Amino acid sequence: KVDSRTLSDTMIVNRTFTISQDRDSLVIATPMRILNVGEKFLVVTENRSENFINVFSLPDLRFLYSFGTISNGPNPEEFQSVPIYFNVSGNELISYDGLSRQLRYIELNDTTISKTREVSLSYDGQMDPLNRVRRIRNDLYFADYGSSFGNTDKEHIALKPGVEDSLFTFGRYPESELEGFERYGQFIKENVAKPDGSRFATFYFRYNALKIFASDGERIEAI
């Protein structure tokens, strides 16, 4: 039995992100992701067709520039779709594209961006795009697992960019009669990784539960 806290003791989300600069202000009505890129930049993404990635300077939160268009072109600001998952390594913003199954590394500067490289992220026998892709370190990424057909009770898969063979699977779905996508939807969760890559945590949406893992997939806590 768990006693919930009163509303006044919990966090309340404000879906409008406003940056004021002198008399002008940039209003982002529906922010999707807000994340630090290195110590110099704050990135706020939106769900719209163009300029959906906004870059601000830190610590003064001065707006620098926006980029991102829906296109199949080769330029770093062109994406096949609005990226849902972003990761960070130094001053690089890393996006995962589910259609091409590629990680795109984009270096941020004060006035512009540059694409440094693209690397595949997938595994042999993969049927669906990866969900909730999370960088643990440069040679190790975790993603959701068990969302398709297949006889497995594992929740996560460990992958190395550029290598098709998976490294290992870990975590275990709670016991139920559900399978495949139905089970995945019932036990859907969000995840986060510690910046130094030593810990990985998942938080269930529909259940009052969370799990903490080491970078080798060993479960440390189930709460």
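Source: prediction; values computed, not measured. Side chains included, hydrogens not; waters and symmetry mates left out as well; all remaining heavy atoms used.
- A perpendicular orientation is assigned to the rings of F187 and Y204, their planes being inclined by more than 60° (bins at 30° and 60°).
- Considering only heavy atoms from C-beta on, P83 stays 4.5 Å or farther from Y96 through its side chain.
- Residue pairs meeting the salt bridge (charged side-chain N to carboxylate O under 4.0 Å, His left out) criterion with at least one member in residues 197-207, sequence neighbours excluded, do not occur.
- Formation of a donor-acceptor pair under 3.5 Å by the T69 side chain with backbone atoms of S71 is not found in this model.
- Note on Y207 and L210: separate hydrophobic clusters, where clusters join Ile, Leu, Val, Met, Phe, Trp and Tyr whose side-chain heavy atoms are under 4.5 Å apart, directly or indirectly.
- With contacts defined as side-chain heavy-atom distances shorter than 4.5 Å, the pair V88/R135 does not qualify.
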Assess the residue pair V43 and F86 against the criterion (side chain to side chain contact (heavy atoms under 4.5 Å, CB included)); give the C-alpha distance rounded to whole Å, side-chain angles, the decisive distance to 0.1 Å, and a yes or no. CA-CA 10 Å; V43 168; F86 284 98; over 6 Å; no

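- Scored by the side-chain hydrogen bond (donor to acceptor under 3.5 Å, both in side chains) test, Y65 finds no partners at all (sequence neighbours excluded).
- Summarising the geometry, atom CZ belonging to F168 is positioned 5.5 Å from atom CG belonging to L140; distances are rounded to the nearest 0.5 Å.
- Applying the side-chain hydrogen bond (donor to acceptor under 3.5 Å, both in side chains) rule to pairs touching residues 156-180 yields D153-R172, sequence neighbours excluded.
- Scanning both residues, V119 and G162, for their nearest heavy atoms gives CG1-N, 3.4 Å.
- The number of heavy atoms from other shown groups lying within 6.0 Å of CZ (F181) does not exceed 12.
- In terms of modelled atom types and a separation under 3.5 Å, the side chain of D216 and the main chain of E218 share a donor-acceptor contact.
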Show the numbers, then the answer: is there a side chain to side chain contact (heavy atoms under 4.5 Å, CB included) between N131 and Y184? CA-CA 11 Å; N131 287 315; Y184 177 74; 3.3 Å; yes

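- Pairs engaging residues 80-103 under the salt bridge (charged side-chain N to carboxylate O under 4.0 Å, His left out) rule: E92-R117 [sequence neighbours left out].
- Figure legend: R104 and F79 shown as a cation-pi pair, the cationic atom lying under 6.0 angstrom from the six-membered ring centre and within 45 degrees of its axis.
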Verdict with supporting geometry, F213 and F170, ring pair (Phe, Tyr, Trp, His ring centres under 6.0 Å): CA-CA 9 Å; F213 300 89; F170 65 98; 5.1 Å; yes

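- Here CD of E155 is found 12.0 Å from CD1 of I188. Values are rounded to the nearest 0.5 Å.
- Around the CD atom of E182, the shell of radius 6.0 Å holds no more than 12 heavy atoms that belong to other residues, nucleotides or ligands.
- Of the inter-residue distances, the one linking S215 atom OG with I136 atom CD1 reads 7.5 Å to the nearest 0.5 angstrom.
- In this structure, the side chains of L130 and L159 come closer than 4.5 Å at one or more pairs of heavy atoms.
- Side-chain contact check for T45 versus F52: every heavy-atom pair is 4.5 Å or farther apart.
- To the nearest 0.5 Å, atom CG of residue L108 and atom CZ of residue F67 are 5.5 Å apart.
- Counting only distance, with no hydrogens or angles, the side chain of R183 and the backbone of Q186 share no donor-acceptor pair below 3.5 Å.
- Under the 4.0 Å criterion applied to side-chain N and carboxylate O atoms, K115 and E77 are not assigned as salt-bridge partners.
- For CZ of R137, the number of neighbouring non-hydrogen atoms (other residues, nucleotides, ligands) closer than 6.0 Å is greater than 12.
- Linking ILVMFWY residues whenever their side-chain heavy atoms come closer than 4.5 Å, directly or via other members, leaves V37 and Y105 in distinct clusters.
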Taking it one step at a time, do K211 and I220 satisfy side chain to side chain contact (heavy atoms under 4.5 Å, CB included)? CA-CA 8 Å; K211 297 177 182 178; I220 298 173; over 6 Å; no

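- Among residues two or more places apart in sequence or in another chain, the side-chain hydrogen bond (donor to acceptor under 3.5 Å, both in side chains) test is passed with S57 by D60.
- Atom CG of residue L61 and atom CG of residue L42 lie 6.0 Å apart, to the nearest 0.5 angstrom.
- At a cut-off of 3.5 Å, with distance as the only test, a side-chain donor of S66 or N54 sits close to an acceptor on the other residue.
- Within the 4.5 Å cutoff, the side chain of S114 has heavy atoms near those of the N109 side chain.
- For residues 79-91, the set of pairs meeting the side-chain hydrogen bond (donor to acceptor under 3.5 Å, both in side chains) definition, not counting sequence neighbours, comprises S89-N138.
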Does F63 form a side chain to side chain contact (heavy atoms under 4.5 Å, CB included) with V55? I'd like the steps, not just the answer. CA-CA 6 Å; F63 174 67; V55 182; over 6 Å; no

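- The structure places CG of L103 at 4.5 Å from CG of L121, a figure rounded to the nearest 0.5 Å.
- Ion pairing between a basic and an acidic side chain is recognised when a charged N comes within 4.0 Å of a carboxylate O; D144 and K189 show no such pairing.
- Counting heavy atoms from C-beta outward, I70 and V82 have side chains that approach closer than 4.5 Å.
- Under the 4.5 Å side-chain criterion, counting only non-hydrogen atoms from C-beta, L35 is in contact with L93.
- For R134 and N191, the side-chain atoms include at least one donor-acceptor pair closer than 3.5 Å.
- Side-chain contact between E46 and N51 is absent, with no heavy-atom pair separated by less than 4.5 Å.
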